[in-house]
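Quick notes on the structure that follows.
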Amino acid sequence: MALLNTKQIMEIIPHRQPFLLIDTIEELEAGKRAVGKKCVSFNEPYFAGHFPNEPVMPGVLIIEAMAQAGAVAILSKPGQEGKTAYFAGIQNAKFKKKVKPGDVLTLELEIIKEKGPIGVGKGTAKVDGALVASAELTFAIGNGE
């Protein structure tokens with residue numbers, strides 16, 4: 001059973017459909033780590049053009065889903081309510097396999113460094129236990145304005 005459902009995730013991060021890219025949070029250590037799931041449906045709007053004869057989830061959206069899991073982790077910390085985690089950098093992004101309709105992405109992000117409002121997280125995306133993508137993400141916490 002999920003630790004957080006979609007409604008609870010939306011209470012922590014500002015993302016909404018169609019850009020909310022995580023369905024549940026399965027594990028959470030506030031301020032340290034989160035594991036989320038995304039059920040990739042054939043009805044995702046990007047599949048209409050990416051690619052019509054061979055639907056593949058765009059790599060940048062896999063990275064964004066990873067970042068959203070990390071945002072849940074960092075914004076779950078006391079004192080972060082109502083704030084937003086913005087991208088400040090992406091390093092060492094690697095894509096190993098295609099993500100297709102019917103896949104369930106498991107997204108894990110661990111915060112490895114934090115100084116003031118800036119931090120770095122190390123993330124992975126897997127399907128059926130197999131690595132499909134990894135990256136190191138830098139974020140900046142803002143007031144959502």
Side-chain angles (χ1 to χ4, degrees), residues 1-77 80 83-144:
M1 190 164 97
L3 186 62
L4 300 176
N5 62 31
T6 303
K7 184 175 185 285
Q8 293 165 313
I9 292 167
M10 291 191 307
E11 292 170 3
I12 299 169
I13 63 175
H15 304 76
R16 298 296 180 262
Q17 295 299 335
F19 205 68
L20 180 62
L21 297 174
I22 49 177
D23 299 322
T24 61
I25 293 294
E26 305 293 317
E27 299 175 35
L28 178 63
E29 293 177 61
K32 295 181 183 184
R33 170 182 175 276
V35 177
K37 294 250 173 149
K38 164 70 176 162
C39 297
V40 181
S41 161
F42 188 76
N43 294 323
E44 306 288 346
Y46 48 81
F47 284 141
H50 197 268
F51 301 98
N53 295 324
E54 184 189 0
V56 176
M57 185 175 186
V60 295
L61 294 182
I62 297 169
I63 298 293
E64 174 63 30
M66 219 184 282
Q68 289 180 19
V72 170
I74 200 69
L75 297 176
S76 293
K77 232 169 53 168
Q80 302 290 36
K83 295 188 178 177
T84 301
Y86 296 100
F87 261 130
I90 301 170
Q91 299 292 320
N92 301 317
K94 293 186 177 28
F95 303 95
K96 303 288 187 182
K97 295 184 178 204
K98 295 179 203 173
V99 176
K100 303 173 294 217
D103 286 343
V104 176
L105 271 175
T106 300
L107 305 144
E108 182 173 357
L109 194 115
E110 180 182 0
I111 308 302
I112 58 172
K113 192 184 325 181
E114 195 176 359
K115 185 171 183 176
I118 306 296
V120 177
K122 193 172 189 126
T124 60
K126 296 178 180 178
V127 173
D128 294 328
L131 184 68
V132 296
S134 62
E136 198 170 276
L137 309 176
T138 303
F139 60 87
I141 303 298
N143 290 327

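What you see is a predicted model, and the numbers here were worked out from it, not measured in a lab.
Of all heavy-atom pairs between Ile111 and Leu109, the closest is CD1-CD2, 3.7 Å. Nearest heavy atom pair, residue Phe42 against residue Pro101, reads CD1-CG, 3.6 Å. Shortest non-hydrogen contact noted between Ala125 and Leu105 is CB-CD2, 4.0 Å.
Among residues two or more places apart in sequence or in another chain, the side-chain hydrogen bond (donor to acceptor under 3.5 Å, both in side chains) test is passed with Glu110 by none. Among residues two or more places apart in sequence or in another chain, the side-chain hydrogen bond (donor to acceptor under 3.5 Å, both in side chains) test is passed with Lys113 by none. For Lys77, the salt bridge (Lys or Arg N to Asp or Glu O under 4.0 Å) partners are Glu114, not counting sequence neighbours. For Lys7, the side chain to side chain contact (heavy atoms under 4.5 Å, CB included) partners at least two apart in sequence or on another chain are Asn5, Glu11.
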Side-chain donor-acceptor distances from residues 130-141 under 3.5 Å, at least two apart:
none

Run the side-chain donor-acceptor check on residues 49-75: report pairs under 3.5 Å with partners two or more places apart or on a different chain.
residue	atom	partner	partner atom	Å
His50	ND1	Val56	O	2.7
Glu54	OE2	Lys98	NZ	2.3
Glu64	OE2	His15	NE2	3.4
Glu64	OE2	Gln68	NE2	2.9
Gln68	OE1	Leu21	N	2.8
Gln68	NE2	Phe19	O	2.9

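Applying the side chain to side chain donor-acceptor pair (under 3.5 Å) definition to pairs two or more places apart or across chains, none involves residues 115-133. Applying the salt bridge (charged side-chain N to carboxylate O under 4.0 Å, His left out) rule to pairs touching residues 35-50 yields Lys38-Glu44, sequence neighbours excluded. Counting only residues at least two apart or in different chains, salt bridge (charged side-chain N to carboxylate O under 4.0 Å, His left out) contacts with residues 14-34 comprise Glu27-Arg33, Glu29-Arg33, Arg33-Glu108.
Rounding to the nearest 0.5 Å gives a distance of 8.0 Å between CG of Leu3 and CD1 of Ile25. Note that the CD1 atom of Ile12 and the CG atom of Leu28 stand 6.5 Å from one another [nearest 0.5 Å].
Contact of the Lys97 side chain with the Val127 side chain is not registered, since no non-hydrogen atoms from C-beta on lie closer than 4.5 Å.
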